[in-house]
Amino acid sequence: MSLLLGCIADDFTGGTDLAGMLVNAGMRTVQMIGVPRRPLPEGTDAVVIALKSRTIAPEAAVAEALAALRWLRAAGCRQIYFKYCSTFDSTPQGNIGPVSEALMAALETPFSIACPAFPANGRTVYKGHLFVGDVLLSESGMRHHPLTPMTDANLVRVLQQQVKGKVGLVEQSIVARGEKAIGERFAALRADGCRLAIVDAISDADLLAIGAACADLPLVTAGSGVALGLPQNFRRAGLLAEDLVADALPATDGYRAVVAGSCSLATQAQVAAMCAVRPAFRVDPLALARGEDVTGAALIWAGDRLSDGPLLVYASADAESVAAVQQQIGAERAGSLVEDALALIADGLVKRGVGQLIVAGGETAGAVVKKLGIDGLRIGAQIDPGVPWTTALAATSGAAPPLALALKSGNFGSVDFFLNAWDKLT
């Protein structure tokens, strides 16, 4: 099989976000959990290899990304896409910069871009500064993120701390002039010794122009937004049909449930909205630390409630509560306890007949997918920007009905996401 676009995502929900963008733009896309170990479905145009590398040591993140790249190159991918969060989640050490430079070295390419913009979800870049809605990243809820607090909105400065090469900027005034002007700026930056360029984007029109200007780049690094402009490059080259139906999913069945581990402001609001009208069980990290059987209690609680409609199991909490728990038992232990518990609960719910499952939070989604033994997802239509429904690829032919999954980044989705997402399932 020869694939058009090969993508490496640094977490699971981010991978689904990117895959959904590609499907919306007409590319038949699958998401694989880790480096694939089996053939992809026939007719696949793009593949997203989802890793869980956003917060691991930079050296480990680089090694995982390079392993994914080797598989993608062997599969014949014509372009590589490294996807990270639209809030540029990272630390001064990485992992965005080190992984980007490692991929550039392996591909022997001297230049690439970095653009986390996703205007449909309120993520814009202007004069190199990342905004979340109408506030700077450093003034948003991301400044309190428990693992990757973002206290600097200047992406040129943030990325420059992580890489050896020079970082430049393509300002919005140039982006607004279109593909040719962007390409000329790329050439000028390369001549000035820049290896990476932060690219401004404040609208979908900007993303389309940026995507067109990236047609000949071996590597693109970005959030999911830039993917909006890439499929048309393959169409212009005669490699992708105009009329593909890319978002068809098989029918699913079973009970419905939500498992939420993210502590982002968006997920907190979604949890509150669902708690107001549907049964909800809160997972207490301190109870887990005391050795209490919280998992068993949650599954007993779910019991007969499953047949009454969607229910919620959550560990989401506000920044003050999270900080208090971390102070008592440590940030790493708290995160690990919650992820493991939610994964066990999700597995128990599926074994009890849940066939349609929403998981909120990248780390939580990674733990859940691993526990369920899922190695790939077929991508369907979007629920909200950046969040599609998916179905698990069957381990054996004829296995039906598949499990429907919506893996939601903590920061994404409307307030009523958990309540209305089911309407998009066929």
Side-chain angles (χ1 to χ4, degrees), residues 1 3 5-53 68 71-72 75 81 83 224 227 245-254 256-259 343 346-347 349-350 354-397 399-409 412-413 421-422 424-426:
M1 176 184 295
L3 296 164
L5 185 65
C7 311
I8 302 167
D10 68 359
D11 82 343
F12 289 18
T13 58
T16 308
D17 166 20
L18 171 59
M21 293 288 286
L22 295 172
V23 164
N24 283 349
M27 296 189 83
R28 296 164 297 184
T29 307
V30 297
Q31 175 178 343
M32 301 304 293
I33 311 304
V35 178
R37 291 188 173 87
R38 60 183 172 113
L40 302 184
E42 187 175 349
T44 301
D45 301 309
V47 60
V48 179
I49 297 179
L51 307 175
K52 194 179 178 186
S53 60
W71 190 93
L72 294 171
Y81 195 111
K83 194 274 175 191
S224 61
V245 177
D247 63 359
L249 291 179
T252 60
D253 199 358
R256 296 171 168 178
V258 179
V259 174
D347 185 53
L349 292 173
V350 170
V354 167
Q356 300 173 352
L357 178 67
I358 297 172
V359 185
E363 299 299 314
T364 304
V368 167
V369 167
K370 181 178 179 181
K371 182 63 181 177
L372 292 174
I374 294 169
D375 70 347
L377 300 168
R378 190 182 300 274
I379 309 299
Q382 284 196 78
I383 305 165
D384 275 348
V387 194
W389 273 111
T390 75
T391 54
L393 295 179
T396 57
S397 60
L403 174 66
L405 282 166
L407 305 178
K408 188 194 79 71
S409 171
F412 285 4
W422 320 102
K424 300 292 180 71
L425 276 175
T426 56

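Along the sequence shown, residues carry numbers from 1. Everything numeric here is computed off the predicted structure, so don't read it as measured data.
L72 pairs with exactly one of L5, V35, V47 by the side-chain contact (heavy atoms from CB on, under 4.5 Å) rule, that one being V47. Tested against Q356, the residues D253, T391, T252 include a single side-chain hydrogen bond (donor to acceptor under 3.5 Å, both in side chains) partner, T252. With D375 as reference, R38 is the one residue of R38, R37, K370 to meet the side-chain hydrogen bond (donor to acceptor under 3.5 Å, both in side chains) rule.
Pairing each heavy atom of A251 with each of P402, the nearest pair is O-CD, 3.6 Å. When every heavy atom of A227 is checked against every heavy atom of L18, the shortest pair comes out as CB-CD1, 3.4 Å. Summarising the geometry of L425 relative to A404, their closest heavy-atom pair is CD2-CB, 4.2 Å, with the distance given to 0.1 Å. The heavy-atom pair separating G380 from V23 by the smallest distance is O-CG1, 3.8 Å. Heavy-atom minimum distance, V259 versus A346: CG2-CB, 4.2 Å. Across all their heavy atoms, A19 and I379 have their closest contact at CB-CG1, 3.4 Å.
Rounding to the nearest 0.5 Å places CD1 of I33 at 7.0 Å from CG of L407. Here the straight-line distance linking atom CG of L3 with atom CE of M27 works out to 9.0 Å at 0.5 Å rounding. The CE atom of M21 sits 11.5 Å away from the OG1 atom of T29 when rounded to the nearest 0.5 Å.
Taking 4.5 Å as the limit, some side-chain heavy atom of I49 sits within range of a side-chain heavy atom of P36. Side-chain contact check for D45 versus R28: some heavy-atom pair is nearer than 4.5 Å. Two residues are said to be in side-chain contact when any heavy atoms from C-beta on lie closer than 4.5 Å; D384 and F412 fail this criterion. The closest side-chain heavy-atom distance from C7 to L22 is below 4.5 Å. Side-chain contact between I374 and L405 is present, with heavy atoms from C-beta onward closer than 4.5 Å. Taking the side chain as every heavy atom from C-beta outward, W389 and T16 never approach each other to under 4.5 Å. Put simply, the side chain of T364 does not reach to within 4.5 Å of the side chain of F12, judged on heavy atoms. Within the 4.5 Å cutoff, no side-chain heavy atoms of V369 are placed close to those of L377.
For residues 5-14, the set of pairs meeting the salt bridge (Lys or Arg N to Asp or Glu O under 4.0 Å) definition, not counting sequence neighbours, comprises D10-R54, D11-R54.
In this structure Y81 satisfies the ring pair (Phe, Tyr, Trp, His ring centres under 6.0 Å) test with no other residue, sequence neighbours excluded.
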Test side-chain contact (heavy atoms from CB on, under 4.5 Å) on L393 and R378; report intermediate values, then the result. CA-CA 6 Å; L393 295 179; R378 190 182 300 274; 4.0 Å; yes
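Under the 3.5 Å distance criterion, the side-chain polar atoms of Q31 are left unmatched by any main-chain donor or acceptor of D17.
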